[in-house]
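Below: one structure, written as structure tokens.
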Amino acid sequence: MYKIAIGFAGVCWSVLSWAQNIPSVVQWRDIFQEVRQHTLFKELEVSYAKAPAAATGYTPIGVIQKEGAGCSVVIAEGENPKMRAILRFSSTAQETRALLLAAAAHELGHCLRVRHRKMSTQLWTLVAATDEGSLERQSLEKQVSLEEAYADAYAFVYIQDAHPELFGKAFKVMQALRAAPALATPFYQVQPLYEQLANRGLDASLALHKQVEAVIQQSKFPLD
């Protein structure tokens with residue numbers, strides 16, 4: 001299932017260009033490779049694939065589950081109006097860098113949940129196959145919201161640990177994206193996470209994975 005998410009970054013690819021152009025498949029892969037070097041994600045088995053932007057619904061990056069515990073990052077290739085709309089939420093080169101790193105970490109967060117058998121990417125397919133408004137759909141939507149929050153939490157823990165100077169910028173842009181009617185998926189209810197982060201932040205005294213679990217637990221997502 002392709003989702004919004006959302007480096008090394010190429011030596012010749014200036015930070016300024018991130019604020020101006022849609023990342024290419026190679027540039028996205030370099031961003032993912034940088035994020036994967038971090039302690040949070042080193043254990044992951046990840047491969048990369050590309051697809052025409054139209055075939056992904058113009059979602060720039062997403063993950064699909066592979067056999068076993070691995071996952072594949074799918075990157076949309078070509079002109080992408082959705083990605084252009086996303087980039088408008090960043091007004092500086094640093095905000096754009098924070099956004100792209102957070103987006104990559106978000107998807108790798110999904111991969112970690114898959115690896116530890118906490119979720120399946122088929123969850124999004126199940127939601128689409130159920131009747132809107134039904135009790136089954138409502139239950140699945142809550143599960144999806146929780147998984148989106150987990151992925152965002154991994155992104156913020158990564159940014160805080162690896163690039164603390166970018167945390168405020170990442171939070172600002174990601175929160176704006178989550179609230180944007182034109183881009184947000186209506187049933188992704190991740191506000192509890194953002195409220196918790198705004199009020200109390202992350203507990204840096206904990207190990208990284210425990211920081212993720214702690215902020216999710218403190219956010220008190222409704223599951224019933």
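Predicted model, so just to flag it, every value in this text is computed and none were measured.
The shortest distance between side-chain heavy atoms of L101 and Y158 falls below 4.5 Å. With a 4.5 Å cut-off on side-chain heavy atoms, M119 and T121 count as touching. Side chains of E148 and R178 form a contact here, defined as non-hydrogen atoms less than 4.5 Å apart.
Using cut-offs of 30° and 60° for the angle between ring planes, the F41 and Y154 rings count as tilted.
Taking CG from L87 and CG from N80, the interatomic distance works out to 9.5 Å, rounded to the nearest 0.5 Å. If you take CD on E147 and CZ on R113, they are separated by 4.0 Å, rounding to the nearest 0.5 Å. Here L193 contributes atom CG and M174 contributes atom CE; the two are 9.0 Å apart, rounded to the nearest 0.5 Å. I64 contributes atom CD1, which lies 4.5 Å from atom OG of S72 (distance to the nearest 0.5 angstrom). Note: Y48 OH to I61 CD1 = 10.5 Å, rounded to the nearest 0.5 Å. To the nearest 0.5 Å, the span separating CZ on R97 from CD on E165 amounts to 7.5 Å.
By the ring-ring contact (aromatic ring centres under 6.0 Å, His included) test, F171 is found to be paired with F156, Y194, residues two or more places apart in sequence or in another chain being considered. With sequence neighbours excluded, the residues satisfying side chain to side chain contact (heavy atoms under 4.5 Å, CB included) with K50 are V25, E77. By the side chain to side chain donor-acceptor pair (under 3.5 Å) test, E141 pairs with R137, sequence neighbours left out. Checked against salt bridge (Lys or Arg N to Asp or Glu O under 4.0 Å), K118 has no partners two or more places apart in sequence or in another chain. Applying the side chain to side chain donor-acceptor pair (under 3.5 Å) rule to E195 yields no partners; only residues at least two apart in sequence or on another chain are considered.
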Quiz: residues 205-214 side-chain donor-acceptor pairs under 3.5 angstrom, not counting sequence neighbours:
unit_1	atom_1	unit_2	atom_2	d
S205	OG	D203	OD1	2.5
S205	OG	D203	OD2	3.4
Q211	NE2	L206	O	3.1
E213	OE1	Y150	OH	2.7

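Remark: of the listed residues V26, I31, D30, I31 is the sole one forming a side chain to side chain contact (heavy atoms under 4.5 Å, CB included) with W28.
For the 3.5 Å distance criterion, the side chains of S134 and Q138 fail to qualify, holding no donor opposite an acceptor.
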